[in-house]
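These notes concern the structure reproduced below.
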Amino acid sequence: MTPLLEVDNLATGYGQSKVLRGVSFSVKPGEVACIMGRNGAGKTTLLRALMGVLAKTGSVRLAGEDITHWAGHRVNAAGMVWVPQEDSVFSGLTVRNHLTIAVHGRREEEEGLEAAGALFPVLGERLEQEAQTLSGGERKMLALAQALIVRPKVVLMDEPTEGVAPVVVEQLIPAIAASTKESAVVLVEQNIDTALALGQNAYLLEQGSIAVSGTVRDLHDRGVLEQRLAL
Amino acid sequence: MILGFLPVDSFNVIVLAAVFVLVATGLHFTFGMLNVVNLVHGELILIGAYTTLQVQRTTGNVLLGMALAPLAAGIVGVAMERGVLRFLYDRPLDSLLATFGLSVIIRQVVQFVFSPNPQIVRSPIGGSFLLGGFNIPWWRLIIVLVTSVLLVGVIQFLQRSRFGLHARATVANPLLAETMGINSGAMRAGLFALGSAIAGLAGAMLAPISTLNPQFGLLFLVNSFLVVIIGGKGSLRGLVVAGIVLGGTLAALQFVMSTVMAQILILAIAIIGVRVRPLLGLLREWRGRRPLGSAV
Ligand SMILES: Nc1ncnc2c1ncn2[C@@H]1O[C@H](COP(=O)(O)OP(=O)(O)OP(=O)(O)O)[C@@H](O)[C@H]1O
Ligand SMILES: [Mg+2]
């Protein structure tokens with residue numbers, strides 16, 4: 001099966017400060033690739049670069065198409081969606097507004113709203129609430145719903161379970177797994193249990209590039225994750 | 001000084017309120033929403049007025065001029081945004097300097113082409129009628145009506161249309177908007193074009209009730225900023241209230257004092273207004289403060 005996402009020799013950073021270099025990996029449909037690394041390793045930076053909102057060199061292919069130099073809105077339109085780690089809502093806009101923007105041009109609005117409500121019932125009950133007044137966990141659910149209801153080709157998720165209660169994580173995991181069966185998922189995750197539950201291959205970022213890769217299960221069994229992440 | 005050309009009667013309280021709202025509405029887009037300290041706003045009004053004048057001269061049709069005025073101002077506005085201002089959204093001081101420079105250039109060009117002499121734009125609908133003892137000029141009534149319709153339209157458009165939704169998202173967080181499929185650059189250009197076009201319309205509407213010269217736009221700049229800022233920058237409803245209060249007060253004050261004195265008093269009210277507003281905001285924040293630990 002050809003990969004949906006192919007990243008080759010990617011380098012990026014902020015102005016003079018280089019954060020990543022020589023990053024290469026690919027993700028097939030139905031696969032969840034875990035990006036791991038300590039705080040500040042560049043995980044969020046990698047997702048920003050893939051999403052087209054941070055300048056980069058190297059090459060990024062989405063379903064075979066070269067999207068390296070595309071602007072963010074084109075990358076999104078081509079089927080790549082992003083669940084940000086923070087700042088995931090527009091202030092002043094309601095939950096319904098957010099979902100409307102997410103499904104624009106992809107699905108019927110009502111259908112999208114129903115799908116979001118089916119994934120996370122709390123969203124269906126709070127459609128008219130301003131999104132910035134949602135609780136932290138609810139905001140995560142909104143960000144996830146926005147990404148998952150559009151049948152994306154590639155989903156970039158930045159610590160979707162960070163700060164979410166373990167009981168809720170238990171609900172999130174099957175929801176994520178069920179909605180991404182045909183997508184390629186790039187999951188930034190610090191929590192090993194979540195990584196084990198969802199992920200196949202893991203890539204460990206250190207010093208700006210991938211230091212170790214392998215299956216999550218294998219790296220976990222050999223204690224590599226625990227050691228490298230200093231858990 | 002400003003708008004002293006309006007004779008004093010109580011209908012003018014309404015007219016001046018409408019004028020204040022009309023000139024500030026365009027600035028709501030460029031400054032209120034896009035955060036550009038848009039010192040070229042007055043010259044966009046000027047372009048609207050002189051476009052009307054030029055079309056009146058060449059075709060004899062003032063209404064056609066008024067229809068083309070928003071188009072001309074909108075095109076100039078979007079050219080400035082794409083050409084210069086879009087690179088300066090994160091650099092407010094440079095952006096302020098750029099709009100100041102552009103305003104001087106446009107004023108000079110207008111002066112060069114049309115001379116510094118005062119010009120007259122004909123009112124498309126002249127005459128007046130009597131209502132309850134007041135003499136009401138048709139054109140001034142139309143200014144009030146057009147302003148009301150424009151406002152209802154703009155509020156509906158921003159709240160209900162797809163463009164409005166995407167624009168509000170872009171203004172709230174351009175990077176997030178981009179990753180959700182919104183072409184944030186195009187949205188900003190669109191907002192700037194709209195604000196400029198509305199400024200052009202204001203210039204066209206107001207040209208017949210004043211004498212036109214290259215300083216025409218400057219007259220409206222300060223009051224437009226006052227209205228947008230006191231209205232709570234970014235809030236159209238606040239803008240309407242501020243416009244009605246400031247414009248209405250200015251007109252009312254003209255009953256009892258000179259126009260210059262009235263304008264000075266308005267400025268004083270405005271300064272007190274901006275001094276008090278943040279206090280009110282703080283008060284509200286303090287009252288609504290969440291219990292410790294739940295602050296996000
Ligand atoms: N906007 C920015 N401008 C300049 N430097 C930045 C910016 N954002 C991040 N950095 C720097 O880039 C490096 C990588 O940051 P990044 O946010 O990608 O880390 P991360 O792996 O996601 O960390 P965490 O686990 O804490 O989320 C850090 O050293 C950070 O200080
Ligand atoms: Mg991060």
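What you are looking at is a predicted structure, and each value in this text was computed from that prediction instead of being measured. Order of the sequence lines fixes the chain letters, A, B, ..., with proteins taken first and strands second; residue numbering starts at 1 for each chain.
- Proximity to chain B is absent for every atom of A/V150, based on heavy atoms less than 4.5 angstrom apart.
- The CE atom of B/M187 sits 11.5 Å away from the NE2 atom of A/H73 when rounded to the nearest 0.5 Å.
- With rounding to the nearest 0.5 Å, the separation of CG in B/L165 from CZ in A/F90 is 8.5 Å.
- Contact annotation for residues 29-41 of chain B against chain A (heavy-atom separation below 4.5 Å): no residues qualify.
- Taking both residues in full, the closest heavy atoms of B/L176 and A/D87 are given as CD2-O, 3.7 Å, listed atom of the first, atom of the second, then distance.
- Looking at A/S135, there are no atoms closer than 4.5 Å to chain B (heavy atoms on both sides), in backbone or side chain.
- Counting heavy-atom pairs under 4.5 Å between each of B/A172, B/S184, B/A169 and chain A puts B/A169 at the top.
- Counting non-hydrogen atoms of other residues, nucleotides and ligands closer than 6.0 Å to CD of A/E128 gives a total above 12.
- In this structure, the separation between OG1 on B/T179 and CG on A/L50 is 13.0 Å, given to the nearest 0.5 Å.
- Among the candidates A/N97, A/I101, A/V75, the residue making the largest number of heavy-atom pairs closer than 4.5 Å to chain B is A/I101.
- Summarising the local packing, CZ of B/F100 is surrounded by 12 or fewer heavy atoms from other residues, nucleotides or ligands at distances under 6.0 Å.
- Listed options A/H104, A/Q146, A/M51 were ranked by heavy-atom pairs under 4.5 angstrom with chain B; first place goes to A/H104.
- When the candidates B/N173, B/N183, B/L175 are compared by the number of heavy-atom contacts under 4.5 Å with chain A, B/N183 comes out ahead.
- With a 6.0 Å radius and a threshold of 12 heavy atoms from other residues, nucleotides or ligands, A/E182 has its CD atom at or below the threshold.
- Put simply, CD on B/E178 and CG on A/N76 are 9.0 Å apart, with the number rounded to the nearest 0.5 Å.
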